[in-house]
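Contents: one structure, followed by commentary.
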There are 2 protein chains.
Amino acid sequence: MSIKYVILGYLSWKPMTGYDVKKLIADSETLPWSANNNQIYRALVQMYKDDWLTKNIETQIGTPNRHVYTITEAGRQALKKWAGAEPELPQTKNAFLNQLMWADCLAVEEMDALFEAYLNVVGEKIFFIRVQADEKPNMPERTQREEYIWEMIHKNWISHYEMELDWIRHMRQKLSKMQADA
Amino acid sequence: MSIKYVILGYLSWKPMTGYDVKKLIADSETLPWSANNNQIYRALVQMYKDDWLTKNIETQIGTPNRHVYTITEAGRQALKKWAGAEPELPQTKNAFLNQLMWADCLAVEEMDALFEAYLNVVGEKIFFIRVQADEKPNMPERTQREEYIWEMIHKNWISHYEMELDWIRHMRQKLSKMQADA
DNA sequence: TTTCTCATGTAACGCGTTACATGATTAC
DNA sequence: GTAATCATGTAACGCGTTACATGAGAAA
C-alpha cells in the first residue's frame with residue numbers, strides 16, 4: 001500500500017497544498033501514517049511529475065509560497081484503478097499478543113496489571129476515534145453511498161478495538177477463575 | 001516492537017540455531033515477520049554480544065557448522081521484563097479500508113467484485129490460521145495457564161478476521177438494498 | 001534430474017520515522 | 001513572552017523486505 005493514493009484521494013475533494021494534506025492525515029485516528037513531511041512532499045512532487053497533479057504556486061510575502069496541487073484526469077483514473085485493485089489482507093502488528101506468548105513467567109498480579117494497562121490504551125483509542133468522528137473536516141458533498149461507506153469504515157475500526165476489549169475481559173475473568181480453582 | 005523478543009521467546013523453550021528459529025517464524029500464520037535471514041542472524045549475534053545467549057558451535061562436514069544458541073539467565077530476565085512492559089496499541093494497516101475511502105467512483109458491480117475478492121482473501125487467511133493451529137510445532141511442556149493463553153491468542157486472530165467477514169457481508173447486503181431502493 | 005532440506009550469511013533497497021532548518025504572523 | 005499556525009523542505013536512521021551467494025545430501 002502506498003500513502004500516495006491517500007493523498008490523491010484527498011486531492012480528489014479539492015485542490016490543496018502539502019500542508020493541508022498533512023493536517024488531514026495527522027488528524028486521522030485511523031490512517032496508519034504519522035503524516036511526516038518527508039513522505040508527503042516527495043509524493044506530491046512525484047505525482048506532479050507523473051502528471052497526476054498540476055501545480056499552482058501562490059506567491060506570498062513573509063511565509064513560503066503555497067504550492068497548490070490539483071488532481072488531473074490521469075490522476076483520477078489512477079485513483080479509480082487503485083480503488084478497484086485486488087484487495088490485500090489487513091496487516092496487524094499486535095505487540096501485546098507477542099508479549100502474552102511469553103507472559104507465563106509473570107506472576108498473577110503482574111499479568112493482571114498488563115491486562116488492565118491494555119484495556120486502558122485500547123479504551124483511550126476508541127475514545128479518540130469517536131472524538132475525531134465528531135470533528136469531521138470540511139468534506140465535499142457526497143453521495144448516500146459514499147457517506148454510508150465512510151460510516152462503515154469508522155465502524156470497522158471501532159469494532160476492531162471493542163473486540164479487543166471483550167477478548168481481554170473474557171480472558172481475565174477466565175484466568176482469575178482458573179487461579180481461584182487452583 | 002522487536003523481533004528480538006520473539007526469537008528470545010522461542011529460545012526459552014530450548015536451545016536452537018538461527019535456522020530453527022527461522023522455520024518457527026516462517027511457519028507462523030500470525031507473527032508479523034517474514035522470517036528473513038538478515039534480521040534473525042543479526043539479532044542472534046547481537047543478543048549473544050549482550051550475553052542474553054551463549055553459543056555452541058557444532059562442527060559438521062559438508063554443511064555449515066550449526067551455531068546453537070542457548071538462553072542465559074540475563075536473557076530470561078530480559079524476556080520477562082519485556083513481557084511485563086507497557087502494552088502498545090495494535091497497529092493495523094488495512095489497505096482495503098483506504099481503497100474503500102475512494103471507492104465511490106466504482107460502478108456497483110465493480111464494488112461488489114471488490115467485496116467478493118476481500119471475502120476470499122480473508123476467508124483463505126482464516127483457513128490457513130486454522131491449518132497451522134492443527135500442525136503445532138514441537139512445544140515443551142506447558143502450564144495450564146500458558147496453554148490457555150496460546151489458545152486465546154489464536155482466538156484473537158480468528159475473531160479479528162471473522163469480524164471482517166461479518167462486516168463485509170453486512171455492508172454488501174445494505175448496499176445492494178440501497179441500490180434496489182434507488 | 002530437479003527440487004527440497006540443512007545452514008550460514010550479505011547486499012541493495014523501500015518505506016517510515018524523528019528531528020532539524022527557516023521565518024513571519026497570530027493568539028494567549 | 002511563549003506558543004501555535006502557516007508553509008516549505010532535508011538529514012539521518014531503523015526496520016523490514018527480496019534477492020543473492022554457497023554447497024552438501026536426500027528425496028521425488
Side-chain angles (χ1 to χ4, degrees), chain A residues 1-7 10-11 15-28 30-49 53 55-69 88-89 91-95 98 137-138, chain B residues 1-8 10-11 15-28 30-49 53 55-69 82 88-89 91-95 98 137-138:
Chain A
M1 178 174 50
S2 174
I3 196 177
K4 241 170 44 174
Y5 293 98
V6 176
I7 298 173
Y10 282 125
L11 288 176
M16 277 189 254
T17 66
Y19 188 77
D20 296 327
V21 172
K22 184 189 159 113
K23 271 189 299 178
L24 285 171
I25 294 177
D27 289 347
S28 167
T30 50
L31 287 177
W33 293 280
S34 76
N36 66 99
N37 297 345
N38 212 329
Q39 256 179 309
I40 293 171
Y41 287 108
R42 278 171 191 285
L44 286 170
V45 168
Q46 201 209 308
M47 289 194 283
Y48 173 68
K49 278 188 190 154
L53 307 174
K55 177 158 60 163
N56 182 31
I57 299 178
E58 296 178 4
T59 48
Q60 302 190 134
I61 37 170
T63 61
N65 296 334
R66 288 164 50 84
H67 297 202
V68 182
Y69 292 95
E88 292 164 36
L89 268 185
Q91 294 192 343
T92 301
K93 296 201 187 186
N94 194 333
N98 295 334
N138 251 0
Chain B
M1 179 175 48
S2 174
I3 195 176
K4 241 170 42 175
Y5 293 98
V6 176
I7 297 172
L8 200 55
Y10 282 125
L11 289 175
M16 277 189 255
T17 66
Y19 189 77
D20 296 328
V21 173
K22 184 190 158 111
K23 273 190 297 180
L24 285 170
I25 294 178
D27 289 348
S28 167
T30 49
L31 287 177
W33 294 279
S34 77
N36 66 99
N37 297 345
N38 212 328
Q39 255 179 311
I40 293 171
Y41 287 108
R42 277 172 191 284
L44 286 170
V45 168
Q46 200 210 306
M47 289 194 284
Y48 172 68
K49 279 187 190 155
L53 306 175
K55 177 158 62 165
N56 182 31
I57 299 178
E58 296 178 6
T59 49
Q60 301 191 135
I61 37 169
T63 62
N65 296 333
R66 288 165 49 85
H67 298 203
V68 182
Y69 291 95
W82 177 72
E88 292 164 35
L89 268 186
Q91 292 192 343
T92 302
K93 295 201 186 188
N94 195 334
N98 294 335
N138 252 1

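Just so you know, these numbers use all the heavy atoms, side chains as well, and skip hydrogens, waters and symmetry mates. Sequence lines set the chain letters: A, B, ... in the order given, protein chains first and strands last, and positions in each chain run from 1.
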Using atom [atom1] of [X] as one end and atom [atom2] of [N] as the other, report the distance to the nearest whole Å.
| X | N | atom1 | atom2 | result |
| --- | --- | --- | --- | --- |
| A/D20 | D/dC6 | CG | P | 9 Å |
| B/N65 | D/dT22 | CG | P | 19 Å |
| A/R66 | C/dA24 | CZ | P | 19 Å |
| A/E58 | D/dC6 | CD | C1' | 13 Å |
| B/Q60 | D/dG25 | CD | C1' | 12 Å |
| A/I25 | C/dC15 | CD1 | C1' | 14 Å |
| A/M16 | D/dC6 | CE | P | 14 Å |
| B/D27 | C/dC6 | CG | C1' | 15 Å |

>> Side chain of A/W33 only, heavy atoms from C-beta on: which candidate in D/dG9, C/dG16, D/dG16 is closest?
In response: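 From the listed options, C/dG16 comes nearest.
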
For the residue pair [X] and [Y], what are the closest heavy atoms and their distance?
| X | Y | result |
| --- | --- | --- |
| A/L11 | A/Y69 | CD2-O, 3.7 Å |
| B/A35 | B/A26 | CB-N, 3.6 Å |
| B/P15 | B/V68 | CB-CG1, 3.8 Å |
| A/Y10 | A/M16 | O-CE, 3.0 Å |
| A/G18 | A/I40 | O-CG2, 4.0 Å |

> Within the structure shown, what part of the strands sits under 4.0 Å from B/K4 by heavy-atom distance: base, sugar-phosphate, or nothing?
Replying inline: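 Since no nucleic acid heavy atom lies under 4.0 Å of B/K4, the category is nothing.
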
Can you see if the side chain of [X] gets near the phosphate of [N] - specifically, an N or O under 4.0 Å from OP1 or OP2?
| X | N | answer |
| --- | --- | --- |
| B/T63 | D/dG23 | no |
| B/N36 | D/dT17 | yes |
| A/S34 | C/dT18 | yes |
| B/K23 | C/dC6 | yes |

> Taking it one step at a time, do B/I25 and B/I7 satisfy side-chain contact (heavy atoms from CB on, under 4.5 Å)?
Replying inline: CA-CA 8 Å; B/I25 294 178; B/I7 297 172; 4.2 Å; yes

>> Let's see if you get this right: which residues in residues 37-47 of chain A place a heavy atom under 4.0 Å from DNA chain D?
In response: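 Only A/N37, A/N38, A/Y41 qualify.
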
> Yes or no on side-chain contact (heavy atoms from CB on, under 4.5 Å) for B/T17 and B/L44, after CA distance, side-chain angles and deciding distance?
Replying inline: CA-CA 9 Å; B/T17 66; B/L44 286 170; over 6 Å; no

